[in-house]
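The block underneath contains the structure these notes are about, expressed in structure tokens.
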Amino acid sequence: MDNNEKSASLNFIERIIEEDLANNKHGGRVVTRFPPEPNGYLHIGHAKSICLNFGLARKYSGRCHLRYDDTNPEKEEQEYIDSIEEDVRWLGFDWGEHKYFASDYFEELYQFAVKLIKKGKAYVDSLSPEEIREYRGTLTKPGRESPDRSRSIEENLELFEKMRAGEFEDGEYVLRAKIDMASGNLNMRDPALYRIKRVQHHRTGETWPIYPMYDFTHPLSDALEGVTHSICTLEFEDHRPLYDWVIQECEPEYRPQQYEFARLNLNYTVMSKRKLLRLVKEGYVDGWDDPRMPTISGIRRRGYTPQAIRDFADRIGVAKANSTIDIALLEHCVRDDLNARAPRVMAVLDPIKLVIDNYPQGQVEWLEAENNPEDPQAGSRKIPFSGQLYIERDDFMEEPPKKFFRLAPGREIRLKHAYYVTATSVEKDPQTGEITTVHCEYDPHSRGGWTEDGRKVKGTCHWVSAAHAIEAPVNLYDHLFTAENPGERTGNFIDDLNPDSLKVIQKAKLEPSLQEAEAGQIFQFMRKGYFCVDGTHSRPGQPVFNRTVTLKDTWAKLKKKMGV
RNA sequence: UGGGGCGUCGGCAAGCGGUUAAGCCACCGGUUUUUGGUGCCGGUAUUCGUAGGUUCGAAUCCUACCGCCCCAGCCA
């Protein structure tokens, strides 16, 4: 359970549900549904909808159906169904017995269409797509009625039967609702209900040469399943009158209602299927599950947890105002979750050598290191310490600016879990002037990282023993885009791609315990960030790490402010 | 010149005629700390798109205006 059970304040949909419950509107039932079209991969925007629909069902002891809106066989495939189910499960939700396909309702839908024809509420039209568009009018001009609008019920019935029998070519006829060609709402200007498509369907094969449209299928599917609250995004608001019309005229037993909320937008991110597809197709990313993608599979591979995503969904709320969430909130949610759970380990990403001149030659000590200060249950492990270590390059400065309290000449710092050391001298590459080695002396009385005299050391740094370190590739991921709203500047979102969205460190130096890290495991690399073992490139004994998110970095902020 | 929505702090978002206008993220201080992490404490909207009106009292009701989003697939 997440903290949305806290009933602090209700969102507008919860308010409606509680009113309905109080009025016994649907007999006290709450049934929602998540209705993806199996024509693409799920992304974080879908996660909002999934958490909303399944979360509501959970909160109000109802149920949430997984229903595929598979009414357009040209775009739909089994592959997507598999990934959708994996993603919904991964997020922590279960549809139980309630998995449905709109295509399972084709026969019933057909009968509802016949009913409409018999009521004189639908007709078969022979206008071409172009003509229909022309007859529809414009936003400001009313449409005109099709000549076929007055076709007799008998003839409509016969034609519709022939459509089903496969006697016509694609586009020859279409079944239309007879509503109002003068409506200010374009959706009500005799919308198409059925079109002819002589195409293989991924589930019904060649059974049907005609397929129902979304606006006809969706309300009736909801009704057939006993859905009480059909929750969709804002752009369907204009379709609600049509949704209601279909329910009204088809007279199904249950009368579901549609409600609309604002879809998720995230800054520094693109979410549209078209744009995500382009990133993949044109090779800007490494596939749909590239850790920089906002797809569920991408963020999963990045190391985000389902708990973090659900927490995020709770925090962003549900409302009707178009909004853009700051991606910093998502990052906060993962940090919050991982801080509590991720084992701490030491890893040096950009190493320089640290030599302890007064440490006994060849000595190795195995020191105790707690696994997680936030969780005493996590226990501890032993890590090897020696006279030759690696530390992070930017943990040493020859001429430190004020407020820098890491290692510098003559300065004493703590090596985490180990000893106090004081820097004495440096070695540089004569060519480049780059520091290659820092020499220091340690205080043997500071074993474990403290002394009896209680003297204070300001800085604590992570390290790994040079002789014991293992090497592994580490992928440092950052936002895929540098602009808050990609594409706003030039009209082409590709122009805002972040050239540094991935930096690969071929040979980071890691403490040896990481050798056997398994795919999917998540660690905090102390003082650096959260990293997970990549599920696709890691091999047993050869882990590859992906950076999920950095730790908050006050020093980086300070440095920037001071212009260092 | 059509229809449907939405406008409360930098970003989300509560608020539903009487509140000092919640909370979260971000930001800024301080404090704790063997992670410049975490935790803890504190600061940040005299004001709710604007202008009028109703009322003892308005972010909440009314009117007008302004701004933004969506709709002209035989896609969903």
- A:R176 near the nucleic acid: base, sugar-phosphate alone, or nothing, with a heavy-atom cut-off under 4.0 Å? nothing

- Query: Under a 90° cut-off about 0 for the syn range, is B:G73 syn or anti?
  - Reply: syn

- Quick one: which of B:G36, B:U38, B:C25 gets closest to the side chain of A:K552? B:U38

- Task: Just call it for A:L175: base, sugar-phosphate, or nothing, with non-hydrogen atoms closer than 4.0 Å on any strand.
- Result: nothing

- Message: Expressed as a whole number of angstroms, how long is the span from A:H479:NE2 to B:A26:P?
- Response: 12 Å

- Inspect the contact between A:R381 and A:E511 and indicate whether a charged nitrogen and a carboxylate oxygen are less than 4.0 angstrom apart. yes

- Note on the structure: The nucleotide from B:G39, B:C6, B:G73 with an atom nearest the side chain of A:D336 is B:G39

- Query: Would you say A:R527 reaches B:G36's phosphate, i.e. side-chain N/O to OP1/OP2 under 4.0 Å?
  - Reply: yes

- Quickly work out the A:R67 CZ to B:A76 P distance and round it to whole Å. 13 Å

- Taking C-beta and beyond as the side chain, do A:Y173 and A:D125 meet within less than 4.5 Å on heavy atoms? no

- Look at the side chain of A:L329 and decide which nucleotide, out of B:G36, B:C27, B:C24, has an atom nearest to it. B:C24

- Item | Length of the line joining A:R240:CZ and B:C6:C1', which is rounded to integer Å | 14 Å

- Tell me whether the guanidinium CZ or amine NZ of A:R176 lies under 6.0 angstrom from the six-membered ring centre of A:Y123 and within 45° of its axis. no

- Query: According to a strict under-4.0 Å criterion, is A:S128 in side-chain N/O contact with OP1 or OP2 of B:C74?
  - Reply: no

- Task: Classify the nucleic acid contact of A:L127 as base, sugar-phosphate or nothing, counting any heavy atom under 4.0 Å across all strands shown.
- Result: base

- Query: CZ of A:F525 to CG of A:L514: how many Å apart, nearest 0.5 Å?
  - Reply: 5.0 Å

- Item | P-based separation of B:C56 from B:C68 [nearest Å] | 38 Å

- Within the pair A:H462 and B:U35, is there a side-chain N or O less than 4.0 Å away from OP1 or OP2? no

- Query: Base, sugar-phosphate, or nothing: which does A:F405 touch, judged by heavy atoms less than 4.0 Å apart?
  - Reply: base

- With A:Y211 as partner, the option from A:Y194, A:F106, A:F216 fulfilling ring pair (Phe, Tyr, Trp, His ring centres under 6.0 Å) is A:F106

- Query: Roughly how many Å is it from OH in A:Y259 to P in B:G4, rounded to a whole number?
  - Reply: 19 Å

- Give a yes/no on whether any side-chain N or O of A:R15 is located under 4.0 angstrom from OP1 or OP2 of B:G15. yes

- Candidate pair A:Y304 and A:F312, rule ring pair (Phe, Tyr, Trp, His ring centres under 6.0 Å), full reasoning: CA-CA 11 Å; A:Y304 277 72; A:F312 174 69; 9.0 Å; no

- Query: Within the structure, does a side-chain N or O atom of A:S9 lie under 4.0 Å from either OP1 or OP2 of B:G15?
  - Reply: no

- CE of A:M163 versus P of B:C74: gap in Å, rounded? 13 Å

- Message: Please determine whether a side-chain nitrogen or oxygen atom of A:R195 lies at a distance below 4.0 Å from atom OP1 or OP2 of B:C75.
- Response: yes

- Query: Do A:F481 and A:T269 touch side chain to side chain, with heavy atoms closer than 4.5 Å?
  - Reply: no

- Item | Spacing of the P atoms in B:G2 and B:C65 (rounded, Å) | 12 Å

- Please tell me which of the listed nucleotides, B:A76, B:G37, B:G73, lies nearest to the side chain of A:R136? B:G73

- Within the structure shown, what part of the strands sits under 4.0 Å from A:I132 by heavy-atom distance: base, sugar-phosphate, or nothing? base

- Item | Minimum-distance nucleotide to A:K557 side chain [options: B:C12, B:C27, B:C75] | B:C27

- Nearest-neighbour nucleotide for the A:M213 side chain, B:C74, B:C70, B:A26 considered: B:C74

- Query: Choosing from B:C24, B:C75, B:C74, which nucleotide comes nearest the side chain of A:E37?
  - Reply: B:C75

- Task: Rounded off to whole Å, could you give me the CG-to-P distance for the A:D314 and B:A14 pair?
- Result: 13 Å

- Hey, do the aromatic rings of A:H239 and A:Y243 have their centres closer than 6.0 Å? no

- Message: Any donor-acceptor pair, under 3.5 Å, between the side chain of A:E237 and the base of B:G3, if you only look at N and O atoms?
- Response: no

- Using heavy atoms to find the nearest nucleotide of RNA chain B for A:F12 and A:K456 separately, return the residue whose nucleotide is more 5′. A:F12

- Query: With ring centroids as reference points, do A:W555 and A:F404 lie under 6.0 angstrom apart?
  - Reply: yes

- Residue whose closest nucleotide on RNA chain B lies nearer the 5' end, A:G137 versus A:K197: A:G137

- Item | OP1 or OP2 of B:G3 under 4.0 Å from side-chain N/O of A:T140 | no

- Message: Using OP1 and OP2 only, check whether a side-chain N or O of A:R335 sits under 4.0 Å from B:U38.
- Response: no

- Integer-rounded Å distance: B:G10 P and A:I327 CD1: 22 Å

- Note on the structure: In whole angstroms, the gap separating C1' of B:A76 from CG of A:L242 amounts to 13 Å

- Of the listed nucleotides B:U35, B:C12, B:A76, the one nearest the side chain of A:T324: B:C12

- Stacking check A:W555 vs B:G36 (5.5 Å / 30 deg): yes

- Task: Could you measure between the two C1' atoms, the one in B:G57 and the one in B:C28, and give it in whole Å?
- Result: 37 Å

- Task: Would you indicate what A:N72 reaches in the nucleic acid, counting non-hydrogen atoms under 4.0 angstrom: base, sugar-phosphate, or nothing?
- Result: sugar-phosphate

- Describe the nucleic acid contact of A:E74 in one word from base, sugar-phosphate, nothing, applying a heavy-atom distance below 4.0 Å. nothing

- In terms of side-chain heavy atoms of A:L551, which of B:U35, B:G2, B:A26 is nearest? B:U35

- Message: Need one value for A:K416: base, sugar-phosphate or nothing, where a base atom within 4.0 Å counts as base even if backbone is also close, heavy atoms only.
- Response: base

- Query: With a 3.5 Å cut-off and just heavy-atom distances, do the side chain of A:D553 and the base of B:G36 make a donor-acceptor pair?
  - Reply: no

- Of the candidate nucleotides B:A13, B:C69, B:C12, which contains the atom at the shortest distance from the side chain of A:A319? B:A13

